[in-house]
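Letters go in sequence order (proteins before strands), and every chain restarts at 1.
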There are 2 protein chains.
Amino acid sequence: MANIKDVAKMAGVSVTTVSRVLNDYPYVSAEKAEAVRKAMEECNYQRNINAVHLSKGKTFLVGVVVPFSNHPYFGLLIDGIANAALTHNYKLVLIQTNYEEEKEIEALTMLKNKQIDALIICSRICDWKAIKDFTQYGPIVLCEDAREKEVSCTFVDHYKSFSIALDYLHKKGHSRIGYCIGRKSGTNSKQRHSAYVNFLKENSLSFHSDFIFSGCFNFEDGVKVVTEFVQMKERPTALLVTSDQVAAGILTCCKEQGIFIPEDLAIMGFDNQPISKVMHITTLEIPLVEVGRKLFHQAMDGERVTHEEIPVKLIERETV
Amino acid sequence: MANIKDVAKMAGVSVTTVSRVLNDYPYVSAEKAEAVRKAMEECNYQRNINAVHLSKGKTFLVGVVVPFSNHPYFGLLIDGIANAALTHNYKLVLIQTNYEEEKEIEALTMLKNKQIDALIICSRICDWKAIKDFTQYGPIVLCEDAREKEVSCTFVDHYKSFSIALDYLHKKGHSRIGYCIGRKSGTNSKQRHSAYVNFLKENSLSFHSDFIFSGCFNFEDGVKVVTEFVQMKERPTALLVTSDQVAAGILTCCKEQGIFIPEDLAIMGFDNQPISKVMHITTLEIPLVEVGRKLFHQAMDGERVTHEEIPVKLIERETV
DNA sequence: ATAATTTATGAAACGCGTTTCAAAGCAAGA
DNA sequence: TCTTGCTTTGAAACGCGTTTCATAAATTAT
């Protein structure tokens with residue numbers, strides 16, 4: 001395969017001139033530019049992108065860390081990131097971690113390596129300390145409340161939004177409220193939990209540890225929740241479900257079991273995924289595609305550290 | 001930042017020796033190896049991966065072309081690819097095309113550029129001709145029946161599987177069968193359609209163009225189908241739905257409309273996604289994660305062109 | 001007409017790790 | 001003792017495009 005030298009020779013110019021043509025720099029005469037273009041065509045020249053990357057110290061790749069890629073939450077997020085990347089001629093390197101810390105470190109190392117220009121971490125298991133060490137190597141942006149930290153982030157104030165949801169349920173007459181969550185650790189989960197605990201305290205409600213269902217990620221996890229629910233002696237009357245998928249699963253399962261929604265159990269979803277509309281699930285809208293887009297822009301604007309809060313919106317439908 | 005030269009100088013050896021240590025080559029004395037390791041640590045040396053890529057002509061990146069990443073079908077496929085990639089120390093470059101041909105060409109160009117070592121195309125809109133021109137630049141593998149073509153593929157024989165499903169419905173007494181599909185063009189869709197047409201012919205059944213519902217990708221698309229369905233004068237009694245998501249949407253919507261499944265309408269899904277189990281949808285299992293894994297392995301084994309057919313399995317549940 | 005710019009062009013250095021090739025040292029076998 | 005065959009080690013070439021710097025030519029300004 002021909003390289004820039006060959007093209008230069010063929011066109012009777014220097015490699016510098018070829019490079020100038022290649023990159024649309026000025027100060028090349030029309031004739032020489034033409035000669036170069038002709039030579040490139042003749043030998044089917046293709047620029048070796050790795051040489052460009054080495055030379056420029058830039059790859060036009062952005063790493064995206066997600067635990068799973070087949071989950072609608074991350075799917076939508078990736079969608080937003082991917083579409084923003086598309087318009088900026090960046091490509092995404094998908095790093096699926098399955099929540100293994102090792103994989104997250106690998107992603108961070110890619111940044112250190114200069115294999116990617118920036119890194120977007122959609123969800124993590126690793127310590128902030130681990131990340132901090134890598135901030136010097138390039139922009140890292142988080143999808144969580146990192147206002148206290150020296151990296152950019154786009155986030156939902158989950159404390160606030162959980163409080164809103166809890167108050168809403170409380171106003172509707174519920175005092176036995178539980179919630180379903182993916183994993184218990186994680187910045188977002190912790191914020192939610194403290195909102196929950198504070199809500200109980202402020203309203204003098206008692207804490208039931210079995211009102212908290214963890215491990216809820218997908219539609220099918222709704223089955224587990226309902227199975228547990230029916231076996232409970234003291235049941236909650238309302239459930240905050242941090243994913244519409246899970247809420248939909250719970251709904252479906254409850255119908256089978258003859259549990260009426262919202263009479264027997266009120267359900268409040270999160271995200272406002274399309275499925276929640278179809279199933280008339282009351283939910284808290286989080287514009288994930290927009291979050292994704294913002295994350296990408298922050299990754300691009302690596303110099304500036306910004307913290308963007310995304311407002312959520314309560315969407316009333318028929319499950320509360 | 002220190003480079004290999006600096007390390008060599010610090011350790012009092014040549015760059016070659018450093019390179020040998022870096023790559024675990026034999027023929028380095030223990031003392032020198034130790035000196036190199038110490039030097040690397042001292043200056044926090046990090047190998048510039050782009051230089052490696054340039055030198056090796058290899059990037060350990062595999063491109064994955066998908067139209068959307070937030071769809072469970074592609075989610076599962078990506079999952080399989082990603083996990084296989086993980087174990088082989090490859091990373092994925094996600095190219096979300098939204099079915100724009102231009103983006104597909106861009107992905108192919110990345111292969112030509114040597115920016116990726118191989119390309120997996122999960123679904124495409126572009127012509128085979130367009131792809132053919134790029135096969136010379138590296139392994140391209142397709143997720144469709146490409147037995148006639150000189151690229152590797154992992155595929156489901158959609159003609160066969162559609163026939164199986166149609167026969168099953170027919171044996172259950174249905175003669176007014178329709179189907180729901182994502183897009184009408186596309187290799188898979190065409191295979192399915194011809195299976196459908198042949199089935200009708202062989203059983204002397206008449207063709208109703210309105211029994212075919214296209215644009216069915218997601219859960220929410222089920223709504224459209226049901227809306228159309230209830231307005232039909234002559235309704236099908238069974239529907240083959242090429243995605244469990246859509247089948248689930250149809251099911252949910254039918255329940256609302258008082259349409260009984262399977263009495264009023266039999267539904268047969270595809271993929272055997274978790275949702276189909278929860279909702280007891282009879283479906284045709286396609287092991288997408290395994291398909292993904294195979295696609296990756298074929299991409300790795302670029303030399304050999306193989307065509308792997310994936311068998312499907314009918315899973316009887318309660319919607320037929 | 002002369003100075004000051006602007007335009008055009010190429011040599012060479014740079015980014016950096018890998019690999020080939022030659023050479024030297026040393027041990028085992030003949 | 002001599003040959004053969006590892007084991008070690010490093011110089012130099014290689015992969016290839018970008019960028020800096022110097023030079024020369026052509027304009028424009030004074």
Seminar exercise, completed: With five pairs defining each end axis, the helix from C:dA1-D:dT30 to C:dA30-D:dT1 comes out bent, to 10°, by 30°

Problem set entry | Nearest to side-chain heavy atoms of A:Val15, which nucleotide of C:dG10, D:dT7, D:dT18 | D:dT18

For this session: Taking the six-membered ring of B:Tyr27 (Phe, Tyr or Trp), confirm whether the NZ or CZ of B:Arg20 is under 6.0 Å from its centre and within 45° of its axis.
Result: no

Exercise. Choosing from D:dC6, D:dT18, C:dT18, which nucleotide comes nearest the side chain of A:Ser55?
Worked result: D:dT18

Exercise. Would you say the side chain of A:Thr17 and the base of C:dA8 hold a donor-acceptor pair, judged only by whether the two atoms sit under 3.5 Å apart?
Worked result: no

Exercise. Can you find a side chain N or O atom of A:Ser19 that sits less than 4.0 Å from OP1 or OP2 on D:dT18?
Worked result: yes

For this session: Can you label the angle between the B:His71 ring and the B:Tyr73 ring as parallel, tilted or perpendicular, going by 30° and 60°?
Result: perpendicular

For this session: Describe the nucleic acid contact of A:Val18 in one word from base, sugar-phosphate, nothing, applying a heavy-atom distance below 4.0 Å.
Result: nothing

Seminar exercise, completed: Between NZ of A:Lys5 and P of C:dG10 the distance, given in whole Å, is 15 Å

For this session: Rounded to the nearest angstrom, tell me the gap between atom CE in B:Met40 and atom C1' in C:dC16.
Result: 15 Å

Exercise. Can A:Lys294 be said to sit on top of A:Phe296's aromatic six-ring, NZ or CZ under 6.0 Å from centre and within 45° of the ring axis?
Worked result: no

For this session: Kindly point out which of D:dT18, C:dT9, D:dA11 is positioned nearest to the side chain of A:Ser29?
Result: C:dT9

Exercise. Does CD belonging to B:Glu148 count more than 12 external heavy atoms closer than 6.0 Å?
Worked result: no

Exercise. Nearest to the side chain of A:Val52, which nucleotide is it out of D:dA11, C:dA8, D:dT18?
Worked result: D:dT18

Exercise. Do the side-chain N or O atoms of A:Tyr27 get closer than 4.0 angstrom to the phosphate oxygens (OP1, OP2) of C:dT7?
Worked result: yes

Exercise. Just wondering, more than 12 heavy atoms not from A:Glu41 lying within 6.0 Å of its CD?
Worked result: no

For this session: Measure the distance from CG on B:Asn3 to P on C:dC16 and round it to the nearest whole Å.
Result: 5 Å

Exercise. Counting side-chain heavy atoms from CB outward, which of D:dG17, D:dG10, C:dG17 is closest to B:Thr16?
Worked result: D:dG10

Problem set entry | Length of the line joining B:Tyr25:OH and C:dT18:P, which is rounded to integer Å | 7 Å

Problem set entry | Short side-chain N/O contact to D:dG15 OP1/OP2 from B:Lys58, under 4.0 Å | no

Exercise. Under the side-chain contact (heavy atoms from CB on, under 4.5 Å) test, which residues partner B:Ser55, sequence neighbours left out?
Worked result: none

For this session: Measure centre to centre between the rings of B:His307 and B:Phe155, then say whether the value is under 6.0 Å.
Result: no

Exercise. Once you round it to whole Å, what is the distance between P of C:dC16 and NE2 of B:His53?
Worked result: 15 Å

For this session: Mind calculating the distance between CZ (B:Arg47) and C1' (C:dG17) to the nearest angstrom?
Result: 8 Å

Exercise. Over how many whole Å does the gap from A:Ile4 atom CD1 to D:dC16 atom P extend?
Worked result: 11 Å

Exercise. C:dT18, D:dT7, D:dT18: which one has an atom nearest the side-chain heavy atoms of A:Lys56?
Worked result: D:dT18

For this session: Using atom CG of B:Asn23 as one end and atom C1' of C:dT18 as the other, report the distance to the nearest whole Å.
Result: 8 Å

Seminar exercise, completed: 5'-most contact on DNA chain D (nearest-nucleotide basis), B:Gly12 vs B:Lys114, goes to B:Gly12

Exercise. Is A:Arg20 side chain donor-acceptor paired with the D:dG17 base, going by distance under 3.5 Å alone?
Worked result: no

For this session: Between D:dT7, D:dT9, D:dG17, spot the one nearest the side chain of A:Ala51, thanks.
Result: D:dG17

For this session: Test side chain to side chain contact (heavy atoms under 4.5 Å, CB included) on B:His297 and B:Asp301 and set out the steps.
Result: CA-CA 6 Å; B:His297 289 305; B:Asp301 189 11; over 6 Å; no

For this session: Side chain of B:Leu54 only, please: which of C:dT18, D:dG15, D:dA11 is the nearest?
Result: D:dG15

